[in-house]
Each structure stands twice: as structure tokens, then as C-alpha cells.
Amino acid sequence: MNNSDRETLLSIKDLEITFGSGNSKFVAVQDVNFDIFKGEIFSLVGESGSGKTTIGRAVLGINPTSNGQIIFEGKQINGKISSKEKFETERKIQMIFQDPSASLNERATIDYIISEGLYNYKLFKSEEERVNKVKEMLEAVGLLPEQLYRYPHEFSGGQRQRIGIARALIMNPDLVVADEPISALDMSIRAQVLNLLKKFQREQGITFLFVAHDLSVVRYISDRIAVIRAGRILELAETEELFKNPIHPYTKSLLSAIPIPDPRIAKSRKNIVYDPSIHDYSTKKPKFIEIKPGHFVYCNETEAEEYKRDLK
Amino acid sequence: MNDENILEVKNLNVSFRVRGSEIEAIHDISLNLKKHETLAIVGESGSGKSVLTKAFTGMLEQNGRISHGTIDYKGTRLSDLRVNKQWDKIRGKEIATIFQDPMTSLDPIHTIGSQISEVVVKHQKKTKKEAKKIAIDLMEKTGIPNAVKRYNEYPFEYSGGMRQRIVIAIALACRPEVLICDEPTTALDVTIQAQILDLIKELQEEYKFTIIFITHDLGVVASIADRIAVMYSGRIIEIGTCEEIFYDSRHPYTWNLLSSLPQLARKGEELKSIPGTPPSLYKKIVGDAFAPRNQYAMSVDFKAEPPMFKVTDTHYAKTWLLDKRAPKIQKPEVIQNLHQHMLEMTAEN
Amino acid sequence: MQESLNQAKVFEMGTVVPANNITEDDFTVVSLNGKENEKIDTPKYSYWGSVAKKFLFSKITIFMLILMLVILLMSFIQPFFSGYSLSNVGNINDFKARYNWPSAKYWFGTDANGNSLFDAIWAGARTSISIGVIASLITEIIGVIIGSIWGVSKKVDRIMLEIYNVISNVPSLLIIIVLSYSFGNGFWNLIFAMTCTSWIGTAYFMRVQVMIMREREYNVASKTLGTPMRRIIIRNILPYLTSVIVTDISMALPSFISYEVFLSFLGVGLSQNVPSLGRLISQYSPYMTTYPYLFWLPVLVLALITISLYIIGQRLADASDPRTHM
């Protein structure tokens with residue numbers, strides 16, 4: 001697919017996010033550039049401390065950015081923007097949190113939790129309409145309308161995560177940031193949640209920024225994947241392209257670490273360990289280079305030549 | 001006791017007193033652990049997998065007890081031990097445990113090195129000087145770079161993966177016969193997980209200990225396990241060799257666990273999912289515990305608890321599907337030719 | 001039962017398991033009711049219902065509750081019937097009425113003026129309890145409101161911290177005494193003097209609690225849903241703090257009552273004609289050895305009031321913490 005034909009929903013340009021100041025200044029994210037197209041599931045994959053969650057939260061406006069732009073539907077949404085504009089984008093960009101027990105208000109009923117956004121934006125004409133909307137949403141995520149007045153702790157982990165999905169999606173958002181939405185769940189529940197997200201993408205054309213630490217999960221769900229390490233995006237490609245032709249050694253190492261549920265293959269497989277010192281960036285500085293159409297790698301020109309040669 | 005076995009569990013029930021009622025966390029489990037093997041115990045949270053191994057080291061919570069059955073370890077009846085003094089001879093020395101969160105086993109205010117040497121002095125009867133040498137040796141063996149320097153560092157100066165290596169080093173300092181790994185990689189990043197799994201395998205080659213590996217992720221154990229026991233709701237519902245479980249599983253729950261692994265899913269296909277949630281322990285189980293979530297459930301599953309059926313000498317499954325009267329049911333398509341399927345999937349990358 | 005537990009009974013795959021209640025018909029696949037799996041089996045949870053259940057569970061609580069009810073009823077109803085007045089010296093010349101030890105006629109005995117101590121104590125308790133309750137309520141209401149704003153606004157935080165640093169370094173008793181002297185004696189003047197600065201302690205305490213809570217994930221979630229800070233405080237944060245607020249009240253109540261006692265002992269605070277436990281205790285303290293009942297009975301009632309209020313408050317605070325509802 002030619003990416004230039006597709007409509008860009010979110011565009012991140014030269015993003016830098018730092019925490020602290022002076023001597024304790026810590027650069028969490030730097031030189032991050034990517035576009036998310038309308039209707040796709042874009043995954044940001046990296047290990048703990050890679051900055052993936054920080055980027056997700058910056059898109060939502062929770063983490064302040066120190067440099068660069070976040071452009072949503074053609075308008076910049078980071079830095080100094082009016083509170084009216086901020087309020088408007090807040091409805092359009094929603095979030096699904098990692099830990100379903102920490103992210104729900106334990107003292108509120110499911111009815112209030114799911115309606116919270118509706119109240120804020122007055123997205124209903126009558127009380128009856130609101131309740132109906134909530135009930136429809138509950139059914140859409142596979143819960144029962146009769147559970148409206150129950151409290152979060154009465155639900156199991158998987159059900160709670162679906163409540164979290166319901167309150168985000170009832171807002172009719174354009175973009176949903178899903179921050180490791182399944183890593184706190186039991187194995188048998190994970191598939192339910194992944195299928196649900198996929199369903200909303202397919203049926204309502206919702207765009208997702210899916211943040212994960214595990215490549216095996218995102219292969220099934222995402223259209224394009226960006227691999228991030230130590231605050232930098234190292235490789236970005238369409239999902240199958242990334243799995244077929246991983247270029248950056250770190251991506252290769254991540255792929256080799258995916259547990260293989262097959263004893264014969266798993267027992268003979270070698271685990272590739274990534275050593276960042278193999279890159280010599282002392283003379284030629286690295287950039288984000290398009291090695292193949294739509295396939296970007298963070299490398300310098302010498303490496304780019306090598307990568308291109310290996311592809312052939 | 002069979003000579004091959006290092007640990008034998010017979011008809012074990014473990015129950016807890018909660019708010020005045022008795023809750024059964026482990027129901028009628030029989031299990032043999034063979035010398036030098038790696039047995040993986042796979043189950044979701046609440047399946048009882050951790051409770052089971054806590055019973056092996058006398059670490060059940062205050063309100064828990066073995067209500068039925070026996071545990072034998074090399075001629076000692078563990079299920080009869082009552083006082084901590086008796087357990088001290090077993091715990092750590094004979095059966096050591098590595099937990100999910102390495103900080104539960106590390107003391108934040110002592111240096112890494114002193115924590116390992118202390119164990120060496122106590123268990124291997126060495127002088128302090130010798131112990132330091134052994135400790136540094138263990139740190140190198142568990143893959144700590146620059147061990148001599150890092151000997152004097154504190155736990156907070158170590159990353160999560162490095163801390164878990166230290167916990168393994170401490171466990172090994174006691175020269176245990178059995179090493180229980182309770183989700184040792186769950187909190188770690190995937191690349192670190194792969195490294196720790198490799199490390200455990202290498203160390204087992206060298207030190208010849210027996211491993212019980214507890215995890216909720218069936219995908220993780222394919223590379224490490226010799227045998228796999230699948231637990232659900234306090235019961236072992238299927239047990240067999242690693243290959244039998246992955247290539248020839250018989251219980252619908254095992255089928256479900258396998259087919260819902262995202263590694264198996266092809267793009268564009270719906271990922272197999274298991275409906276509902278695991279049963280609460282407070283609810284009394286009638287029939288097959290998995291029946292309410294089982295798409296292949298038969299009326300009998302709601303009436304009577306299925307017995308263990310023998311598939312091969314090493315493979316057992318607890319499902320009525322193996323009764324003669326049951327209809328012939330094919331397991332889900334994705335896992336019918338799992339090996340072939342995985343070969344294709346991995347060949348692609 | 002024992003039979004079914006014996007797992008030595010393993011069946012070969014493909015055999016017929018002998019059991020009386022199982023027939024061929026049982027081996028038909030039944031369709032799965034998806035919705036059934038989502039059902040919640042536990043009875044419906046209600047927060048205040050669980051608080052009440054937990055609170056009333058303990059016998060000590062019930063005993064204290066009854067004790068407190070009796071004290072409250074006596075203090076707020078008995079004075080209407082006795083018509084006790086501090087300035088009534090009608091019996092002063094009746095020698096038979098003076099210094100009576102507790103008896104069937106005078107339950108708590110009488111004093112130098114021939115007044116019944118029983119009447120005096122309840123009239124005094126009414127004042128003391130009223131002061132405690134009103135002062136605590138004012139303190140908590142102002143403290144919680146200002147503390148909540150303090151905890152979320154950086155601007156307010158900067159100003160309030162300065163004010164707090166100044167006020168909290170002056171002993172609160174000193175402030176109350178100075179204010180009482182300058183405003184003169186009187187019921188409402190005393191309450192004003194007590195609550196003038198007391199709220200700042202509660203507000204600071206709330207600030208810390210709110211600061212701990214506000215970064216919690218579920219509040220971040222509310223922010224991403226566009227919820228204004230005011231509603232986050234009211235719907236998300238304060239409900240979580242019910243238990244700490246109740247604890248704070250249960251400590252404020254007895255302390256205000258003892259402030260009154262102490263001030264009356266010094267002779268400041270209430271007007272001359274208002275009876276209170278503090279005044280009784282100070283008035284009768286010279287009789288500690290000669291007529292000990294005159295001193296000890298008011299002290300005993302004071303102790304019963306503060307202890308019962310404190311214990312009930314603590315139990316209520318525990319019960320309102322949902323972690324105890326398990």
C-alpha cells in the first residue's frame with residue numbers, strides 16, 4: 001500500500017521529552033518521528049524504560065513535551081494550546097490503561113464510570129438516552145446491562161479491562177492510546193481483549209496507538225510497528241515486513257526472544273543478545289533512514305548501505 | 001518411594017479458612033517429580049499453582065493446611081512436618097525457591113556480595129574469605145559482568161534482570177536438590193526473560209538440580225520443560241511430556257490455552273479466546289471446573305467430576321471427552337498441526 | 001467421598017467409567033451460554049451497607065454506641081426537666097440540702113449551694129458536647145474544602161504553605177487563650193477562638209492526602225475523559241478519604257471538649273452563667289479530698305464522653321475503609 005495516499009491522523013515530529021532539570025535532567029524520548037494513519041493499529045514496542053508509555057501519555061497531554069510537535073487532525077496539540085482546544089482534543093483521544101484495577105474509581109458504580117465522559121461533554125439529551133448509551137456500550141464489550149450499578153471490585157480482571165475500554169469508546173474517539181492493555185491480565189483473558197480492540201477498529205474505524213513490550217502480541221493486532229529503545233525509534237515498518245525482514249539488530253534480538261510455543265523449535269533456537277556497542281557513530285551520525293519504501297531504520301549511512309545490501 | 005522420584009505427592013488437598021468457611025485451594029493432586037527433570041506447572045492466577053509449591057516448602061499462609069494426602073521428599077514425609085525447625089533442614093537447603101519479584105528475596109540494606117557469601121558460609125561451612133571467592137564465582141556463573149566490582153554494590157544499583165540473577169546465585173549457594181521457580185520471568189522484559197531461561201537451563205546442566213517451573217504462560221515453557229502439568233481451579237487437569245502437551249493435548253482447557261497464544265495467530269484471523277473468567281474459590285465446584293467456559297462441555301461435565309484418564313504412560317488428562325461414550329471431538333484447527341504451523345510462522349521471519 | 005478422592009483409580013482412555021448416575025445421554029455437547037459466564041455471583045455490594053455491617057459487628061462498638069446515646073439523651077433532655085441554672089442559689093440557706101453524698105434522692109449528691117450535681121453534670125455536658133461537635137464540624141468542613149484545593153493547586157499551595165508555617169509554629173492553646181481574652185467570654189466567641197486556626201491543621205493533613213491520591217491512575221483516567229478538577233476531588237478523591245476524615249473527626253471531638261475544660265479551669269472561655277463540665281471540674285476541684293464525689297463524678301462523665309466518642313469514631317473510620325469489607 002502506498003502510504004502517501006493515506007490520511008494521516010496523528011503526526012509526531014522531532015519529539016523530545018525530558019524529566020527533571022539541571023544535573024538530574026533525564027531525556028526519556030528524543031528524535032521521535034512517526035505518522036499514524038486513519039483507521040490503523042499502530043504499535044509502539046519496547047522494553048521497560050524505553051519511553052513508549054511516555055510517548056503515549058504525551059499524545060494524551062498528560063506528559064508535557066520539551067521539544068517537537070504532536071499534530072492531530074492537522075492541529076498541534078502539544079505545548080501551549082488554549083484550554084478550550086485541549087478540552088476538545090481530550091474527547092477525541094482516549095486511553096485504555098494497563099492496570100484495570102488501578103485505573104477505575106473503586107467508589108463509583110460502573111454506570112458513573114462509563115458515563116463520566118458523557119457528563120463532561122454533555123453527550124446526551126436526556127437521562128434515558130444516557131442510560132441507553134451506557135447499556136449499549138456494556139453489551140458491545142460483552143458485559144451485562146444488569147451490572148450497571150455494581151462496583152469495579154466486583155468484577156474480574158478481564159471484565160474490569162472491558163469496563164475501561166467501554167468508558168473510552170463511548171466517547172466516540174478518533175484515536176485510542178492503549179497502554180499495554182493486556183499485560184496485567186491472565187492468559188485466557190488476553191485474547192478476549194485483543195479481539196475486542198480489533199472489533200472496534202474494524203467496525204467503527206477507530207485508530208489505535210497500541211503500546212506493548214512484546215512483539216508476539218502486536219503481530220496479530222497491528223498494521224504497522226515501531227520498535228523503540230532508550231527513547232529512540234530504531235525501526236518502523238509494516239507488521240509482516242518487520243517480521244519477515246527485521247533489519248536493526250535490536251529488532252532481531254526482540255524477535256528472537258519471543259517465546260515459541262513449540263518444543264522442537266524452541267529447544268533448538270538461539271537467543272540473540274543485542275549489544276549497542278556494535279554501532280560506531282563516532283564519525284557518521286545516525287538518522288532515521290528509509291531503507292525500503294515504508295521501512296525505516298535508525299542508522300548511519302555506512303550501516304544503511306550494509307542493510308540495503310543484505311536485503312538483496 | 002520410587003528411586004527415580006525425588007518428590008512424590010499423593011492425593012493432596014490444601015484448604016484455607018477464610019471468614020469462617022473452608023476453601024479448597026488444591027484438590028486431589030497426585031504428582032511425581034523425577035530427578036533432574038524440569039516440570040512446568042502452568043495455570044492462571046487462582047489455579048493453585050503457587051499454593052501447591054508452597055506446600056512443598058512449608059510456606060503456606062497461617063490459615064492454610066494440608067487437609068488430605070501426603071508429600072514425600074527423599075524419605076522425609078514433608079506433609080507431617082509441623083515446626084519451623086524441621087522445615088529449616090529442607091527449605092533453602094534441599095528445596096529452594098525463586099520468586100517473581102527478586103526484591104522479596106534481597107535485603108536492600110546489604111551489599112549483593114555479602115548476601116551471597118552469608119549463605120555460602122552458613123550452608124557450605126566455609127570461611128569468609130573462601131565464601132567471597134565462591135560468591136564471586138557464582139555471580140560470574142549467573143552472568144553478572146564485572147562480578148568483582150559489583151560484589152560491593154547494593155540491590156538498588158542492579159536492574160531487574162540482574163537482581164533475578166543474584167537471587168538465582170543465592171539459591172544455588174545452598175546447593176539445593178530442587179529449585180522451584182515461581183514465575184521468575186513474569187516481571188521481566190522479553191529479552192531478559194529469554195536470557196534468564198537460558199541461564200536456568202545452563203545451570204541445571206552444571207549443577208544437576210531438579211526444577212519446578214511455575215508460570216501462567218504456556219508459551220514460555222516449551223523451551224525449558226521436560227514435562228508439563230496444567231492446573232485449573234486447584235486440580236491438575238492434564239499432565240504429560242512437553243511434546244505431548246503441545247502436540248497431542250487432550251483437555252479442552254489446554255487446547256484453549258494453546259490456541260489463544262498470540263504467537264499462533266495469523267493476521268486477519270480472529271484470535272481464539274476463552275469466554276468468561278476462572279471460577280472463584282468461594283464457589284463450590286460441581287462436575288468439571290472448566291465446564292462453564294468449555295465450548296465442548298457435555299451434560300455430564302455439569303454433573304460429575306471427571307476421573308483421570310490415561311492417554312500414554314506419561315500422559316494423563318482429566319476430561320470426560322476421553323470416556324468411551326463421549327463424541328469424537330476434534331481440537332481447534334490452529335493447534336491440530338501446531339508444529340507445521342509454527343514452522344511456517346517462524347520461517348517467515 | 002474417600003473413594004472419589006483416591007486418584008489411584010485412573011482409567012484407560014476410551015473405557016467406560018462405571019458410575020450409577022451417568023448415562024449415555026449425558027455425553028452430548030451442550031451449547032455454551034456466553035452471557036452466563038459474565039454473571040457475578042456475589043450479592044450486590046453497597047458501600048454504606050457494608051460500612052454499617054462492619055461497624056455494628058463488634059460488641060464493644062454497640063456498647064459504646066449505647067453509652068454515647070444515653071449520655072446524649074441525658075445531656076440534651078434532662079436539663080429541660082431539671083431546670084438547672086448555674087446562678088440559682090435558692091437552696092443556699094437550706095443546710096439539709098448542702099453537701100449531700102450521693103443517695104437515692106440526690107443521685108450524684110449536692111454541692112455547697114445545695115444544687116444537685118446530677119442536674120449540674122447534664123447541663124454542663126450539654127454545653128461541652130455542643131462545643132466539641134460544633135467546633136469539630138467547622139474545623140472539618142473548612143479544613144476539607146481548603147485542604148482539597150490546597151492539594152491540587154500549585155498557586156494556592158505556595159501561599160498556604162507560608163500561612164501554615166507561621167500558624168503551626170505558635171502553640172494552638174496560646175492562640176485560643178489570646179483570642180478568648182480579646183473577644184471576651186461567650187459560647188460562640190469560644191467556638192470562634194477555637195476554630196479560628198484549628199482548620200489549618202486539618203487542611204494541611206488533607207493537602208497531603210489529596211496529593212497522594214491525585215496522581216493515582218484512576219484520576220489520570222478521569223483527566224483524559226475531560227473531568228474538571230472540582231469533580232475529580234468530589235467524585236474520585238474525597239470518597240477514598242472518608243475513612244481518614246472520620247478518623248480526623250474522632251480525634252478532633254475529644255480534643256475540643258478537653259480544650260473547653262482546660263480553658264474553663266483557667267477561667268476563660270464561657271460566660272459566667274453557662275454551665276459546662278470544665279466549669280464544674282474547676283469549681284469543685286477544692287473539694288477533691290473533702291467531698292471527692294463533687295470532683296470525680298464530672299471527671300468520670302467527661303472521660304466517658306471523650307472515650308466513647310473516640311472509640312466510636314475510630315471504629316467508624318475502620319469500617320469506612322473498604323479494605324475491611326472483605
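In what follows, every chain begins at residue 1, and chains take the letters A, B, ... in the order their sequences are listed.
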Can you tell if the side chain of A:Val45 reaches within under 4.5 Å of the side chain of A:Lys52, non-hydrogen atoms only? no
Under a 4.0 Å N-O cut-off, is there an ion pair linking A:Arg264 with B:Glu243? yes
Note: vs chain A, highest number of non-hydrogen pairs under 4.5 angstrom among B:His341, B:Gln263, B:Lys272 is B:Gln263
More than 12 non-hydrogen atoms from neighbouring residues, nucleotides or ligands closer than 6.0 Å to CD on A:Glu203, yes or no? yes
Has the side chain of B:Asp189 got a donor or acceptor atom that lies under 3.5 Å from a matching backbone atom of B:Thr191? no
If you count heavy-atom pairs under 4.5 Å between each of A:Pro263, A:Ser216, A:Gly142, A:Ser156 and chain B, which one has the most? A:Pro263
Who are the salt bridge (Lys or Arg N to Asp or Glu O under 4.0 Å) partners of B:Asp101, not counting sequence neighbours? none
Residue by residue, which of residues 213-221 of chain B have a heavy atom closer than 4.5 Å to a heavy atom belonging to chain A? B:His216, B:Asp217, B:Gly219, B:Val220
Select one option (side chain, backbone, both, neither) describing which atoms of A:Leu254 are under 4.5 Å from chain B's heavy atoms. both
Chain B shares the most heavy-atom pairs under 4.5 Å, among A:Val273, A:Ile258, A:Ile265, A:Leu194, with A:Ile265
So that I can tick it off, tell me whether B:Arg250 and B:Asp248 are bridged by a salt bridge, with the cut-off set at under 4.0 angstrom between side-chain N and carboxylate O. yes
When only pairs under 4.5 Å are counted, which of A:Gly158, A:Ser48, A:Ser268 shares the most heavy-atom pairs with chain B? A:Ser48
Given heavy-atom pairs under 4.5 angstrom as the criterion, report whether the side chain, backbone, both or neither of B:Leu261 touches chain A. side chain
Counting heavy-atom pairs closer than 4.5 Å to chain A, which one of B:Leu188, B:Leu271, B:Ile274, B:Leu258 comes out on top? B:Leu271
Chain A contact via B:Gln193 - which portion, at a heavy-atom distance below 4.5 Å: side chain
Interface residue of largest heavy-atom contact number with chain B, from A:Ile272, A:Asp214, A:Ile260, under 4.5 Å: A:Ile260
Once the angle between the rings of A:Tyr250 and A:His248 is folded into 0 to 90°, is it parallel (under 30°), tilted (30 to 60°) or perpendicular (over 60°)? perpendicular
Salt bridge (Lys or Arg N to Asp or Glu O under 4.0 Å) with B:Asp313: which residues, sequence neighbours excluded? B:Lys310
With under 30° as parallel and over 60° as perpendicular, where do the rings of B:Tyr232 and B:Tyr253 fit, or are they tilted in between? tilted
Is the closest basic N to carboxylate O distance between B:Lys141 and B:Glu206 below 4.0 Å? yes
Contact between B:Phe290 and B:Asn256 at the side-chain level, heavy atoms closer than 4.5 Å - yes or no? yes
With a cut-off of 6.0 Å (strictly less than), are more than 12 heavy atoms of other residues, nucleotides or ligands near CD of B:Glu333? no
Quick one: what part of A:Ser256 sits under 4.5 Å from any heavy atom of chain B, side chain, backbone, both or neither? neither
Lys/Arg N to Asp/Glu carboxylate O, B:Arg227 vs B:Glu37, below 4.0 Å: yes
Would you please test A:Arg224 and A:Glu241 for salt bridge (charged side-chain N to carboxylate O under 4.0 Å, His left out) and show each step? CA-CA 9 Å; A:Arg224 290 190 306 140; A:Glu241 166 68 14; over 6 Å; no
Do the side chain of A:Arg160 and the main chain of A:Phe155 share a donor and acceptor less than 3.5 angstrom apart? yes
Closest-packed option against chain B by number of heavy-atom pairs under 4.5 Å, given A:Ser253, A:Ala191, A:Ser183: A:Ala191
Tabulate, in ascending numerical order, the residues of residues 156-167 of chain B having at least one heavy atom closer than 4.5 Å to a heavy atom of chain A, or enter 'none'. none
Measure distances from A:Arg190 to the heavy atoms of chain B and classify the residue's part below 4.5 Å as side chain, backbone, both or neither. side chain
